[in-house]
Amino acid sequence: MNYWLMKSEPSVFSIDDLRKVHTTGWDGVRNYQVRNMMRDQMRKGDLAFFYHSSCEVPGVVGIMEIAGPARPDPTAFDPKSKYYDPGSSPEKPRWYLVDVRFKRKLRRVVTLEEMRGEKALAGMQLLKRGNRLSITPVTKKEWDHILSMEKA
DNA sequence: GCCAACGTTGGC
DNA sequence: GCCAACGTTGGC
């Protein structure tokens, strides 16, 4: 069982959007490292933090569950999609997504700023300089620590 | 809007 | 295979 953190801009897709649709394909990933993580390491039943990025208060806002194994990202095949990639085809897909299911919202936003101040989170990949990956692994210790911050 | 830190592209 | 130019991410 693995833990993850997945970023999304709330103006594009927020935790409230996920709550409404309940389950959705996490589409639009166009980074090879992130693709490989989804395809090779994410498993059904893994848990992930939903993180709001590029917004007023960036931070962890909720929890979701990986609902199934990686599958080809259909937006890559759609010429009308902004994620269209002519180099990807159903026969030879280049991009993958995982399905995610809403679990719950946190009682409050655990902000990026707060997390930076926590010794226990000093090694977190999210907090490393220059990190731009939209999905990063989270250790069980980091996971539990962030959940303990929710109550503070 | 700025800009640091990456990733990608393409000429050579 | 190198590397300059360009594009993107995302905090601030």
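Just so we're on the same page: letters track the sequence lines, and every chain starts at 1.
For residues 87-122 of chain A, the ring-ring contact (aromatic ring centres under 6.0 Å, His included) pairs, not counting sequence neighbours, are A:Tyr32-A:Trp95. Residue pairs meeting the ring-ring contact (aromatic ring centres under 6.0 Å, His included) criterion with at least one member in residues 106-127 of chain A: none, sequence neighbours excluded. Applying the ring-ring contact (aromatic ring centres under 6.0 Å, His included) definition to pairs two or more places apart or across chains, those involving residues 6-31 of chain A are A:Trp26-A:Phe50.
For A:Asp144, the side-chain hydrogen bond (donor to acceptor under 3.5 Å, both in side chains) partners are A:Lys140, not counting sequence neighbours. Taking the side-chain hydrogen bond (donor to acceptor under 3.5 Å, both in side chains) definition, one finds that A:Thr139 meets it with A:Glu142, sequence neighbours left out. Applying the side-chain hydrogen bond (donor to acceptor under 3.5 Å, both in side chains) criterion to A:Arg71, with sequence neighbours excluded, gives A:Asp99.
In this model, the phosphate group of B:dA4 is not approached by any side-chain N or O of A:Arg129 to a distance below 4.0 Å at OP1 or OP2.
As a whole-Å value, the separation of A:Leu127 CG from C:dT9 C1' is 16 Å.
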What's touching nucleotides 10-12 of chain C from the protein side, N or O pairs under 3.5 Å?
| unit_1 | atom_1 | unit_2 | atom_2 | d |
| --- | --- | --- | --- | --- |
| C:dG10 | OP1 | A:Lys7 | NZ | 2.9 |
| C:dG10 | OP1 | A:Arg132 | O | 3.3 |
| C:dG11 | OP1 | A:Tyr51 | OH | 2.7 |
| C:dG11 | OP2 | A:Ser54 | N | 2.9 |

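For the segment residues 25-40 of chain A, the set of residues with a heavy atom within less than 4.0 Å of an atom of DNA chain B comprises A:Tyr32, A:Gln33, in numerical order.
Note on A:Leu97 and A:Met6: separate hydrophobic clusters, where clusters join Ile, Leu, Val, Met, Phe, Trp and Tyr whose side-chain heavy atoms are under 4.5 Å apart, directly or indirectly.
A:Phe49 belongs to a hydrophobic cluster with A:Met1, A:Tyr3, A:Leu5, A:Leu47, A:Tyr51, A:Val60, A:Ile63, A:Leu106, A:Val110, A:Leu112, A:Met115, A:Leu121, A:Met124, A:Leu126, A:Leu127, A:Val138, A:Trp143, A:Ile146, A:Leu147, A:Met149, counting contacts under 4.5 Å between side-chain heavy atoms of Ile, Leu, Val, Met, Phe, Trp and Tyr, direct or through other members.
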